[in-house]
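Only one structure is covered here, and it is reproduced in the block below.
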Amino acid sequence: MPQLDERILDVAEDIQRMDRRDFLKLSSIAAGFVAAAASGLVPAAAHAGVPDGISHMSESEYAVFHRLMEVLLPTAGSSLVPPGELPVLQTVDGGFLAGMPPHVLEVVKGGVAYFSEAPKDALGKPFVELSDAEAVTFCDALATSDQAPARGLFTALKFLVVTAYWAIPPAWAPTGFDGPVFEKWQLEYAGNAPLPQA
Amino acid sequence: MTEHVEVKARGLEVVQARDVTQSTIALTADAVVVGSGAGGGIAAYELARSGKKVVVLEAGRYVSAEQLTEMHAVTLGTMYADHGGQANAQGDITILQGACVGGSTVVNAALCFRTPDYYLKLWGEKFGLTNLTTEVLTPYFDKIEKNLWIKPNAEYETSNGAELIKEGLDKLGVPPGIAKRNVKDCALTGFCFAGCKPERKQSMLVTYLPWAQAHGAEIYADTRATEVLTDNGVATGVKAEVIDPDTGEKKADMRVEAPIVVLAAGPIQTPILLMKSGDLANSSGQVGKNFACHPTISLTAEFEQDVDDFHGATHSLYIDKYTLPDDGGFILLNALEQPVFAASSQNPGTGKPYIQFMEKYRNTIRLITLIHDRNVGEVAYKDGIKTIHYTVDDEDFEAMKEGLKTNARILLAAGARQVYVPTTLSKTIGSEDQVDAVIDELKNEKSRYPYVSFHPQGTCRMGADPKTTVVGPRGETHDVKNLYIVDASLLPTSIGYNPSETVYALASYISDQINADHS
């Protein structure tokens, strides 16, 4: 699809016109992972039009993340667990977004909004309406862009989604990874070391 | 000296935010130690052992062994700085640091190296640290190696991936280094980065901190120091806040009056605390400057057969033939990696290529390239926000490329079907004759590579000259009497090797100086 590729590359170049600082901030916080369940954070009231467990995304943001999850994790025909069977976006919401300071969350939301709208000029439709092929090409164009902000945007959003997926233990079984072993191996606590003689 | 001290069999007595009922806490002590990791734990014990009343303030949580999950994603959220999201301003280097009682010693891979003579000589020549000779420091290395059970890995302390890498090294004639780790009776879970649930890693949690408590030290978790107090150029204590880690709400203001203040909050938070304290101890202008972090890039090797590199010693071998700057400036380290980390380590392409890559997870192993880097970064603090300014230097990137070439050749010699090079769209190397061409194409570009740093260092560097360094040769700041620093912010240069043993030794040495000054 050479024509499509060219148009999408144009989109990627457009991204450099975004506020560069916003992208830098976005990519820097994307690595953050807050275990909301472990830290006992109380979710805010859910927005209308989003599933249970989604408290920090609007309906449109949820749609972008959901479409991105489908594009990044097309498990049909593979041995991997379909992402729709796991609480992936609930983990993005509760595990990442819930722990972000308000000003950081706003940057993320700005990045999601731009990611959603970026294909409109060239392709006439937002990210959520791209075909699978268009969406894959768009994502790869961002990843390989000459512009660091474009690369940072895609890397950040991808990180949120795939890390959330692989943080969920039921996702591991097809890979052979068996997870925690302390109880399974019947290990014992060794306790504190005695006072040193040195 | 306290008589008849007894170490608790398990765990620590820690005052946590949930225990705090009053809105103000006033304490007095002989010494207050800010931070409970490699430097703080050792200082707390050595000062308490000499009969001083010691209070330790730790900003992070107390996570007992029973509470460890052996799941990295959960651990990142609860036990690492910024929930595992600490990064440089550009966002392309994740800087992992423990943020819990015991600090990074709880979540590191326990790999230990003595400070190379090369750097001790360099520090003497360039920074006037002529007191830190090999002869002076050897007894300290000996002592902490004994105390922390630092020993070469036994033959069984390996992993499936490490065994494959050894085959590659044999074929190439490259000598392997057998890792020395502070682990006793390793259970081979492979979950070092999530904390050692069976308590085999000899972190501060099971060694120096309980020993310090046996000598009367008090430990406060969830307590972030906000200001170092001084009077006429002499340290007098610390202000702090107790914050509920679950809600972020302040539970109490704390004030600790103490004639000895020891900072061990780590190379990010120690300079920030000085900045918050009115740009304290900064007549040199070097507080926060000279940041280095040992950037790493991992290559992923895919084999035809299942490798199941899931459990074992997290690190068991290394290649340091090229580690000193004149030899190349990089070290290679094998490492286990859970799926949650592997998930974003490579981008073989969006969609199906990614799924196919992750389906082969059990066929893959990783080899890390870590570079000795120049101190080109800076930790800044403004309007309540910290920023780590650091980009990989062009010359350092060339060292990284040489390291990646060696790395790829070893993995291919080990029998890898292909090796993934993690750019924003991963490249693959299928044979030795492709190595140079693929790696030579790499350019030092921002947001192009998924760097990870485990070793921030160098932001309050040590040296004899008050005009160019923050801390003097004996660990006291040049500007503020009785204010000491004992963490990796001291290091005048990066050292190319995991710095934990260097910090252990320096903290022991400086503690002796403190005790000598305040007997």
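Just so you know, these numbers come straight off a predicted model, no measurement behind them. Throughout, protein chains are lettered first and strands after them, A, B, ... in sequence-line order, and every chain is numbered starting at 1.
Contact of B:T69 with chain A is made through the backbone alone, with heavy-atom distances under 4.5 Å. For B:A187, the parts lying near chain A are the backbone and the side chain together; criterion is any non-hydrogen pair under 4.5 Å. Neither the backbone nor the side chain of A:Y165 comes within less than 4.5 Å of any heavy atom in chain B. Looking at B:I385, only its side chain comes within 4.5 Å of chain A, counting heavy atoms on both sides. Only the backbone of A:P194 comes within less than 4.5 Å of a heavy atom of chain B; no side-chain atom from C-beta onward does.
Of the residues considered (B:D309, B:T387, B:L209, B:V206), B:V206 shows the highest number of contacts with chain A, using heavy-atom pairs under 4.5 Å. Among A:D140, A:V71, A:L187, the residue with the largest count of heavy-atom pairs under 4.5 Å with chain B is A:D140. Between chain A and the residues B:F310, B:W149, B:F341, B:Y361, the most heavy-atom pairs under 4.5 angstrom are made by B:F310. Counting heavy-atom pairs closer than 4.5 Å to chain A, the top residue among B:V7, B:I355, B:L205 is B:I355.
How far OG1 of A:T155 is from OH of B:Y449: 12.5 Å, rounded to the nearest 0.5 Å. Rounding to the nearest 0.5 Å gives a distance of 10.0 Å between OG1 of B:T424 and NZ of A:K158. One distance of note links OH of B:Y354 with CG of A:L72; it measures 8.0 Å at 0.5 Å rounding. Atom CZ in B:R200 sits 8.0 Å away from atom CD in A:E188 (nearest 0.5 Å). For the atom pair CG of A:L195 and CZ of B:R49, the computed distance is 9.5 Å after rounding to the nearest 0.5 Å. Rounded to the nearest 0.5 angstrom, A:D178 CG and B:R362 CZ are separated by 9.5 Å.
Residues B:K352 and A:V136 are not in side-chain contact: their nearest non-hydrogen atoms beyond the backbone lie 4.5 Å or more apart. Using a 4.5 Å heavy-atom cutoff, the side chains of B:T350 and A:F138 are not in contact. Taking the side chain as every heavy atom from C-beta outward, B:M71 and A:P169 approach each other to under 4.5 Å. For the pair B:P450/A:F159, no side-chain contact is recorded, criterion being any heavy-atom separation below 4.5 Å from C-beta on. The side-chain heavy atoms of B:N347 and A:F154, taken from C-beta on, include a pair separated by under 4.5 Å.
More than 12 heavy-atom neighbours from other residues, nucleotides or ligands sit within 6.0 angstrom of CD on B:E66. Atom CD of B:Q305 has more than 12 neighbouring heavy atoms from other residues, nucleotides or ligands inside a 6.0 Å radius. Around NZ of B:K443, the count of heavy atoms belonging to other residues, nucleotides or ligands within 6.0 Å does not exceed 12.
The shortest heavy-atom contact between B:E199 and A:G191 is OE1-N, 2.6 Å. Here the shortest heavy-atom pairing between B:W211 and A:A193 reads NE1-O, 2.9 Å. Residues B:S447 and A:A148 approach most closely at CB-O, 3.7 Å, considering heavy atoms. Nearest approach of B:A73 to A:A167, heavy atoms of both residues: CB-CB, 3.6 Å. Taking both residues in full, the closest heavy atoms of B:F191 and A:G179 are given as CZ-O, 3.4 Å, listed atom of the first, atom of the second, then distance.
The main-chain N or O of A:F182 is found under 3.5 Å from a side-chain atom of B:E70 such that the two form a donor-acceptor pair. Checking side-chain atoms of A:W172 against main-chain N and O of B:V340 turns up no donor-acceptor pair under 3.5 Å.
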Practice prompt. Mind running side-chain contact (heavy atoms from CB on, under 4.5 Å) on B:H311 and A:W185 for me, showing each step along the way?
Written response: CA-CA 12 Å; B:H311 304 295; A:W185 291 0; 3.8 Å; yes
